[in-house]
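All chains are named by letter (A, B, ...) in the order of the sequence lines, taking the proteins before the strands, and each is independently numbered beginning at 1. Just so you know, these numbers use all the heavy atoms, side chains as well, and skip hydrogens, waters and symmetry mates.
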Number of protein chains: 2
Amino acid sequence: MSEGSEVTLDSVKERTGGRSARVRQSVLDAARAELLEGGYGSMSHASVARRAGVDRATVYRRWPSKARLAMDSLVGLADNSVAFPDRGPVESDLREMATSVAKLLETPSISHLFQALIAAQAEDPSLREVGAGFWKERLEIGAHIVTAAVDRGEIDPVEDPAHVLEVMISPLYFRALISCQEIDQAFIDDSVDRAVAMLAFPG
Amino acid sequence: MSEGSEVTLDSVKERTGGRSARVRQSVLDAARAELLEGGYGSMSHASVARRAGVDRATVYRRWPSKARLAMDSLVGLADNSVAFPDRGPVESDLREMATSVAKLLETPSISHLFQALIAAQAEDPSLREVGAGFWKERLEIGAHIVTAAVDRGEIDPVEDPAHVLEVMISPLYFRALISCQEIDQAFIDDSVDRAVAMLAFPG
DNA sequence: ACAGAAACGCGACATTTGTGGCATTAGTGG
DNA sequence: CCACTAATGCCACAAATGTCGCGTTTCTGT
């Protein structure tokens, strides 16, 4: 009766602390650095392992595919480069955010990160839901600009705040990552104006 | 005086017809087929060469990088799967186009093509202008829907017709290729409505 | 039809990428 | 502190990727 045999069945056998955690972190950091520098194409298990100071086989064992490695290194990356102001009038808050996004997208290294995210999703369809969660969360945070304005009583309640943000930034990402067109100030302003219009006429 | 020595200086030495043209075409076709089936990640010089029935070295000599090969195979690809109607009311024309784009984007093989285009631009920055031309032309064609409506006298002249189309389809591409969110009918309708609003209130 | 040259096929080779076995190290639970 | 074992490092090896030289084919201009 005092047998503990079945207890070992659900005992945790996977190691999460100590060296394993250290290795995992350095590999993830190294992968992110590789993506920042050369983009998805130039990143490899070998280059990441070298930079992280671990063996090549270790990286292969933990992340069998390059796509998963890239995704793991990017998800959870708290990017504080984007401004999420919620004090001024909504319009200026939105304008400030759109501007910071545009500026971020024209930074080659940052652009590499987003392209890596896309490439990873393209190579491994099972990663699409991970990426979906990443963007969902990101838009929710951005939607705070709108909800804050509602709370201040500045504007009427909005049905889907995240959708407003999505519409505002979509053209920016489209031009930066897909159609490779220049993003000038007029384009940013237009995006902001359209978002503001959505708040004024929620039809 | 009758010397033709300097004529040979600017004589065309590159061969464009016969076998060379045949090889080029079969390789490009093979590359496109590879991209359709497995996407950018699974395409390789070897797989393309095998499918095209040419030697591996031949592909390497003509297209030193995978990115250029992919881009070459995609540019000039006249896609007749997208509807460009210009008869009905603008709103229905736009709705029809947005719907066909959305349907196209949820087709995995087609999605592979766009992702390959993005990946190629990401790997080789010099290809960004090529891709830019591809999209510029594509949007110009789509803008025909708007200009036709103007010509019919249905709506007032629009400053930048292509921009209207760009704003309409950006969220579709954003969800399909970047944020990996589902594109439902309401989302399509909203995109169309916003485009129509841009025509009504060109502010 | 003919000569010159560009493009191709073929094969050898170096490098990179990916996998498995095995001894050693170092967390984990007792 | 000790036994157990997951995780790592190291090595060997197979497969894929990329490059080069050379003989042959075939395009192009005369």
Rounded to whole Å, CD of B:Glu34 lies from C1' of D:dA16 at a distance of 15 Å
Is A:Tyr60 close enough to C:dT19 that one of its side-chain N or O atoms is under 4.0 Å from OP1 or OP2 there? no
With nearest nucleotides of DNA chain C determined for A:Arg56 and B:Ala21 from heavy-atom distances, which residue corresponds to the more 5′ nucleotide? B:Ala21
So do the side chains of B:Met198 and B:Val167 get within less than 4.5 Å of each other, counting heavy atoms only? yes
Identify, between A:Thr58 and B:Met43, the residue whose nearest nucleotide on DNA chain D lies closer to the 5' end. A:Thr58
Nucleotide D:dG18, atom P - distance to CH2 of B:Trp63 in whole Å: 15 Å
Among the nucleotides C:dA7, C:dT25, C:dT28, which one has an atom lying closest to any side-chain atom of A:Thr16? C:dT28
Looking only at the side chain of A:Val54 (C-beta and beyond, no hydrogens), which of the listed nucleotides C:dG9, D:dT26, D:dG9 gets closest? D:dG9
Along DNA chain C (nearest heavy atom to each residue), the more 5'-positioned of A:Ser47 and A:Arg61: A:Ser47
Say whether, by atom type as modelled, one donor and one acceptor occur between the side chain of A:Ser20 and the main chain of A:Thr16 under 3.5 angstrom. no
Measuring from the side chain of B:Ala46 (C-beta onward, heavy atoms only), which nucleotide among C:dT25, D:dT17, C:dA7 has the closest atom? D:dT17
Between C:dT17, C:dA7, C:dT25, spot the one nearest the side chain of B:Arg62, thanks. C:dA7
Do side-chain atoms of A:Glu154 reach the backbone of A:Arg152 as a donor and acceptor pair under 3.5 angstrom? no
Spacing of A:His45 atom NE2 relative to D:dT17 atom P, expressed in whole Å: 15 Å
Is it true that A:Ser126 and A:Arg68 share a donor-acceptor pair across their side chains at a distance under 3.5 Å? yes
In whole angstroms, how far is the P atom of C:dA5 from the CZ atom of B:Arg15? 10 Å
Euclidean distance, atom CG of residue B:Asp55 to atom P of D:dT26 [Å, nearest integer]: 15 Å
Taking atom P of D:dT8 as reference, at what distance in whole Å does atom CZ of A:Arg24 sit? 11 Å
Need to verify one output field. Residue with the more 5' nearest nucleotide on DNA chain D, B:Gly18 or B:Ser44? B:Ser44
Taking 4.0 Å as the cut-off, does a side-chain nitrogen or oxygen of A:Arg22 come that near to OP1 or OP2 on D:dA7? no
If the plane angle is over 60° it's perpendicular, under 30° parallel, otherwise tilted; pick one for B:Phe114 and B:Tyr173. perpendicular
